[in-house]
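Structure first, commentary second.
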2 protein chains.
Amino acid sequence: MGERYLRSIRLLAECMQSFEKSSAQNVRQLGFTHSQFDIIATLGNTPGMTCKDLGDKTLITKGTLTGVLDRLEQKGLIERERGCDDRRQLFVKLSAEGDAVFKEIFPQVVSKGKQRFDDYTDADYDSLERELLKLRERLLRVVD
Amino acid sequence: MGERYLRSIRLLAECMQSFEKSSAQNVRQLGFTHSQFDIIATLGNTPGMTCKDLGDKTLITKGTLTGVLDRLEQKGLIERERGCDDRRQLFVKLSAEGDAVFKEIFPQVVSKGKQRFDDYTDADYDSLERELLKLRERLLRVVD
DNA sequence: TATTGTTATACTCTATAACTATA
DNA sequence: TATAGTTATAGAGTATAACAATA
């Protein structure tokens, strides 16, 4: 045993964890939970999307999503409107205030993260992205 | 703008998310929450560790950790014993039953994951690990 | 019948702060 | 004073299932 892929996954998890550790602090200080920030970041720079798409992207299940969206709506950061073509769907998008928040806090979280890459060259990014794309292709394949 | 590192981080997140999506289902079916599995996986194949170390590794804060450990102890999967050298510390380790569970469920989650890497060669792993190690080094650097 | 989203429930996680005991 | 872990609290996320409206 001692599956080699486990080492890669563990490395992957450690990278992600380490990045999230600092960004989570950041997000918290700004008064958002991880899920809330996830929604705002996902909606940012988009015309909006249905709850279904939002749930698929963020891995938040529909029952939970309703609650998270409720809190964001209460804060006035998002808007929900019934779809035209399919009246079962809700179209969710950032409100003007939500967009302002996105434009303010997202760069903050981003610039904090950027410090860690200060010595990465284009070639470094190239090779990293190449490997991650290869990996993602495998991971996205449906197995079951 | 359009920070290049964001693309890498997004790729990283997508890989992690995709892996967790399937493993989370798995873990749930086996009757554990993500945090609980995280603890079991972290304690597996170790002689145990202090709450502090466990918290650092899993990113679970100490207040929360107590609750998670309580539930695992209730299920008889872990044991806590007061440290000898420093009597403030608690030493946490898998019980015999916990170890059995670890040895049973971990490979299940693992083998599910392995299917996705079936065409990875040693060279593929080499290059992936090289990039992830380089990345991890940057991410672990203390910035603030 | 199937799908989109809400509601309801029970449990778990989470941050935070005050606390106990050791150091 | 500082550190390791617990307790207490309020809020949020979670899975799950039943439900309404629409397709």
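By convention in this document, chain letters (A, B, ...) are assigned in the order of the sequence lines, proteins followed by strands, and residues within each chain are numbered from 1.
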Length of the line joining [X]:[atom1] and [N]:[atom2], which is rounded to integer Å:
X     : N      : atom1 : atom2 : value
B/H34 : C/dT14 : NE2   : P     : 9 Å
B/D38 : C/dT12 : CG    : P     : 17 Å
B/F37 : C/dT12 : CZ    : P     : 18 Å
A/K75 : D/dG11 : NZ    : P     : 13 Å
A/I60 : C/dT6  : CD1   : C1'   : 16 Å
B/D53 : D/dA4  : CG    : P     : 9 Å
A/N26 : C/dA15 : CG    : P     : 14 Å
A/L65 : C/dT7  : CG    : C1'   : 14 Å

Can you tell me if [X] has over 12 outside heavy atoms packed within less than 6.0 Å of its [atom1]?
X     : atom1 : answer
B/R87 : CZ    : no
B/R7  : CZ    : no
A/K75 : NZ    : yes

Are a donor atom and an acceptor atom from the side chains of B/D124 and B/T121 found within less than 3.5 Å of each other?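 B/D124 vs B/T121: donor-acceptor pair found between side chains.
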Will you find, in the side chains of B/S127 and A/E131, an N or O donor that is under 3.5 Å from an N or O acceptor?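 Indeed, the side chains of B/S127 and A/E131 share at least one donor-acceptor pair under 3.5 Å.
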Candidate nucleotides D/dA4, C/dT14, D/dT6, ranked by approach to the side chain of B/K52 - the nearest: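 Closest nucleotide to the B/K52 side chain: D/dA4.
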Are A/L133 and A/L128 connected into the same hydrophobic cluster when the rule is that any two of I, L, V, M, F, W, Y join if their side-chain heavy atoms are below 4.5 Å apart?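 Yes.
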Give a yes/no answer on whether the side chain of [X] brings an N or O atom under 4.0 Å of OP1 or OP2 in [N].
X     : N      : value
B/T66 : D/dT6  : yes
B/S35 : C/dT14 : yes
A/R80 : C/dT6  : yes
B/T61 : C/dA15 : yes

Heavy atoms only, 4.0 Å cut-off, all strands: where does A/T33 land among base, sugar-phosphate and nothing?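 Touches sugar-phosphate only.
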Summarise protein proximity over nucleotides 17-23 of chain D in one line of letters, 5' to 3': B for base, S for sugar-phosphate only, - for none, counting protein heavy atoms closer than 4.0 Å. ----BBS
Geometric cation-pi criterion B/K114 and B/Y120, 6.0 Å radius, 45° cone: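 Output no; distance or angle outside limits.
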Map A/F91 and A/R28 onto DNA chain C by nearest heavy atom, then report which one ends up closer to the 5' terminus.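 The residue whose closest nucleotide sits nearer the 5' end is A/F91.
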